[in-house]
Amino acid sequence: MTWCHMQRPLPTYLVLALAFSWSLTQAAPARAAEPVEVEISGVEGDALENVRQALALPHGLVREGKVDRLWLERFARQAPEKARVALQPYGYYRARVTAAVQGGGKEKSVLAVTVEPGEPVRVAEVEVRLEGSGSKEKALAHLVTSFPVRRGEVLSQPDYERGKGALQSQAQTLGYLDASFSHHEIRISPDLATARVLLTMETGVRYRFDGVRIEGAPDYPQVFLKRFVAFKEGDPFSYAKLGETQLNFANSERFRQVVVTPQREEAKDQKVPVLIRLTAAPRRTLRPGVGYGTDTGGRFSVRYRDLNLAHEGNDLDLSIYVAERLQGFAGRYTMPDETDHRSSSAIQLNLQQEDVSTYQSRLASLELDRTFGLGRGELATVYVKFQEEFYTVGTADSRSRLVLPGFRFSKERFNDMIRPTIGYRLSFDVRGAHPYFGSDVGLAQFIGNGSVLVPLPWRLTFHARGNVGYSVLNDPFAELPPSIRFFAGGDQSVRGYAYQSLGPKDSSGKVVGGKHLLVGSMEVERALYKNWGVSLFHDIGNAFNDYARMDLHQGAGIGAHYYTPVGGLNLYFAKPLNDSRLFRIHFTVGFEF
């Protein structure tokens with residue numbers, strides 16, 4: 001890519017343009033002046049908003065810009081009572097309200113409403129009780145102790161209803177489907193000064209799951225489909241488990257539509273059967289793809305997938321990809337576990353050729369792995385990888401044969417996979433090799449990655465990530481092949497530098513990669529409109545052979561983001577802080593965890 005030099009760096013202009021665009025989004029659209037205005041004084045907050053809604057002008061009072069004066073006068077006579085009723089939910093039962101129409105004719109008419117709220121009703125007693133078999137549930141007991149209406153505070157009926165709703169919703173979530181309020185009242189004293197809140201919820205008996213009936217996917221064996229069900233017969237009934245089941249089916253990519261329905265009307269002895277209706281997606285797909293990334297250049301790919309090989313739910317995934325700097329074939333055959341939808345066994349073949357500024361490599365690898373689903377968002381994989389690689393690094397040609405047993409672990413939790421605003425991801429990979437098992441070199445290697453998203457005020461999101469790599473070799477003069485050496489620089493590393501252009505150099509000055517890696521990044525994004533965002537970032541890191549001599553490079557810049565249903569489009573302008581060049585452009589698709 002060609003870089004343009006200018007007296008004022010391009011990011012400066014982008015900052016100005018984006019700041020101007022942001023200011024436009026904050027400006028309220030101009031509206032034509034209304035011929036009638038309602039002015040309310042003497043009250044504020046939620047009570048004011050409730051009065052304002054109660055005094056919304058009726059449709060037809062203003063026609064073609066003219067006010068029906070008789071109708072306005074009639075509405076003004078009704079306004080005090082409407083306002084008093086609107087104040088009562090917030091504890092104001094002794095309010096005095098007056099309303100009068102001012103102006104008119106050629107002037108704008110004003111309905112002036114003056115409120116004297118008086119002393120509010122305060123809560124003298126709050127008694128919230130649980131009865132029934134669920135009265136000892138900790139989640140319900142917590143809602144009782146944290147009930148939003150408290151003794152000594154001003155009575156707020158919206159808070160009272162919110163507390164009731166939370167109790168009923170939590171009871172049903174826990175499986176107490178017959179939960180109801182046997183007693184619920186607010187007693188206000190005759191002098192309108194104090195109130196007593198009395199609330200009793202009868203939880204009833206806890207329901208449990210009965211059997212599951214799955215319809216609509218006859219090509220898949222039942223034992224395979226039941227892997228996605230998040231509950232077992234006899235488990236406490238839970239709407240959260242029903243939602244998790246629906247998500248498990250949907251995320252499998254095998255079904256166009258998933259409808260999970262509890263058959264409440266068919267429940268017997270407090271056991272609820274569940275019906276799952278599926279609409280299967282096409283079993284076989286062939287998808288071409290065209291794209292561009294600043295790390296790989298332009299690329300074209302063809303992917304074939306069979307999601308139900310041998311009618312056992314086995315997954316065959318084959319891909320051919322061709323890019324300017326990377327070409328290859330990848331094939332994976334996955335055999336699902338019979339009990340857990342996240343667990344599987346797989347065999348994977350990878351053939352690739354890579355030609356970047358720092359090295360050229362031809363690689364063939366075969367991997368056998370076994371993946372286990374642990375807790376929510378947690379995966380653990382044990383594997384063994386056989387690989388042979390022919391490569392040129394710097395001016396040296398070489399060949400490598402490795403047998404790499406290893407263990408991978410990852411845990412992630414994000415609120416959204418397309419445009420997350422909160423969450424984290426942690427992963428690590430521990431692997432090793434030894435000549436005794438057929439490798440050319442003995443080594444142990446650790447790779448760790450972490451990412452965290454934190455929401456901030458003003459539609460800001462803070463994103464931090466870190467990458468670390470560490471290698472130990474039995475022979476200090478042995479060399480690692482490029483596929484397991486560490487390099488820095490590029491879209492997902494230190495932005496502002498070319499892909500894998502950072503690392504130790506040989507005697508001729510060419511980057512040859514290192515045994516260790518340390519990279520960190522901080523980015524703050526401001527959301528704009530519904531699908532846009534802008535960000536500022538700072539990256540630091542490098543690959544190296546000796547911690548005592550590591551030379552960390554830095555990059556900083558600005559990003560623009562557009563979010564689509566299939567992922568984000570991210571354009572970055574990055575300034576390398578250890579380089580004389582003005583900037584480098586980076587483009588990526590999707591959110592990198």
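Numbering of residues begins at 1 and proceeds along the displayed sequence. Bear in mind that the values here come from a model prediction, so they are computed numbers and not experimental data.
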Is the NZ or CZ atom of [X] positioned over [Y]'s six-membered ring, under 6.0 angstrom from the centre and within 45° of the axis?
X	Y	value
R495	F537	yes
K271	F209	no
R208	F237	no
R370	F372	yes
R303	Y321	no

Next item on the list: Using the ring-ring contact (aromatic ring centres under 6.0 Å, His included) rule, take F487 and Y359 through it: C-alpha gap first, then chi angles, then the decisive distance, then the call.
Entry: CA-CA 11 Å; F487 297 84; Y359 64 83; 5.2 Å; yes
Item checked: Closest approach of V144 to V128 (non-hydrogen atoms, all atoms of both residues) ->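 In this case the closest contact between V144 and V128 is CG1-O, 3.6 Å.
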Check: Does the side chain of L517 reach to within under 4.5 Å of the side chain of N542, using non-hydrogen atoms?
Finding: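 No - every pair of side-chain heavy atoms lies 4.5 Å or more apart.
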Next item on the list: For the residue pair K164 and L167, establish whether any side-chain heavy-atom pair is separated by less than 4.5 Å.
Entry: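 No, too far: nothing below the 4.5 Å cut-off.
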Notebook entry, point to check: Under a 4.0 Å N-O cut-off, is there an ion pair linking E131 with R129?
Noted result: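 So E131 pairs with R129 through a salt bridge.
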Check: Is D178 paired with R264 through a side-chain N to carboxylate O contact shorter than 4.0 Å?
Finding: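 Looking at D178 together with R264, the answer is yes, because their closest N to O distance falls below 4.0 Å.
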Can any side-chain N or O of [X] pair as donor or acceptor with the backbone N or O of [Y] at less than 3.5 Å?
X	Y	result
E312	N314	no
N308	D219	yes
N474	G442	yes
S343	G373	yes
S133	G204	yes
R465	S493	yes
T173	S169	yes
R399	Y391	no
Q257	L278	no

Notebook entry, point to check: Can you tell me if CZ on R277 sees more than 12 non-hydrogen neighbours from other groups inside 6.0 Å?
Noted result: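 Check fails, neighbour count at 12 or below.
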Notebook entry, point to check: Does atom CD of E338 have more than 12 heavy-atom neighbours, drawn from other residues, nucleotides or ligands, at distances under 6.0 Å?
Noted result: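 Not buried by this count: 12 neighbours or fewer within 6.0 Å.
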How long is the straight-line distance from [atom2] of [Y] back to [atom1] of [X], given to the nearest 0.5 Å?
X	Y	atom1	atom2	value
I540	L518	CD1	CG	8.5 Å
H184	T200	NE2	OG1	10.0 Å
K385	L404	NZ	CG	7.0 Å
N449	R425	CG	CZ	7.5 Å
L363	L351	CG	CG	8.0 Å
L199	L130	CG	CG	9.0 Å

Check: Parallel under 30°, tilted from 30 to 60°, perpendicular over 60°: which one fits the rings of H434 and F437?
Finding: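 Geometry flag for F437 against H434: perpendicular rings.
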Item checked: Donor-acceptor side-chain pairing of S344 and D337 below 3.5 angstrom ->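 No donor-acceptor contact under 3.5 Å links the two side chains.
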Notebook entry, point to check: Any side-chain donor paired with an acceptor under 3.5 Å for S361 and E354?
Noted result: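 No.
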Notebook entry, point to check: Checking salt bridge (charged side-chain N to carboxylate O under 4.0 Å, His left out) against E253, which of R305, R287, R283 comes through?
Noted result: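 Result: among R305, R287, R283, R305 is the only option passing the salt bridge (charged side-chain N to carboxylate O under 4.0 Å, His left out) with E253.
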Note to self: I need the full list of side chain to side chain donor-acceptor pair (under 3.5 Å) pairs touching residues 135-148, with sequence neighbours left out, sorted by first then second residue.
What the structure shows: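 Found E137-Y176, E137-R206.
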Note to self: Can you pull out every side chain to side chain donor-acceptor pair (under 3.5 Å) where at least one residue sits in residues 224-250? Sequence neighbours excluded, please.
What the structure shows: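 Residue pairs with at least one partner in residues 224-250: N248-H341.
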Next item on the list: Return each pair, listed once, that meets ring pair (Phe, Tyr, Trp, His ring centres under 6.0 Å) where at least one residue sits in residues 242-276; pairs must be two or more places apart or across chains.
Entry: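 Applying ring pair (Phe, Tyr, Trp, His ring centres under 6.0 Å) to every pair that reaches into residues 242-276, excluding sequence neighbours, yields Y220-F255, F228-F249, F249-F255.
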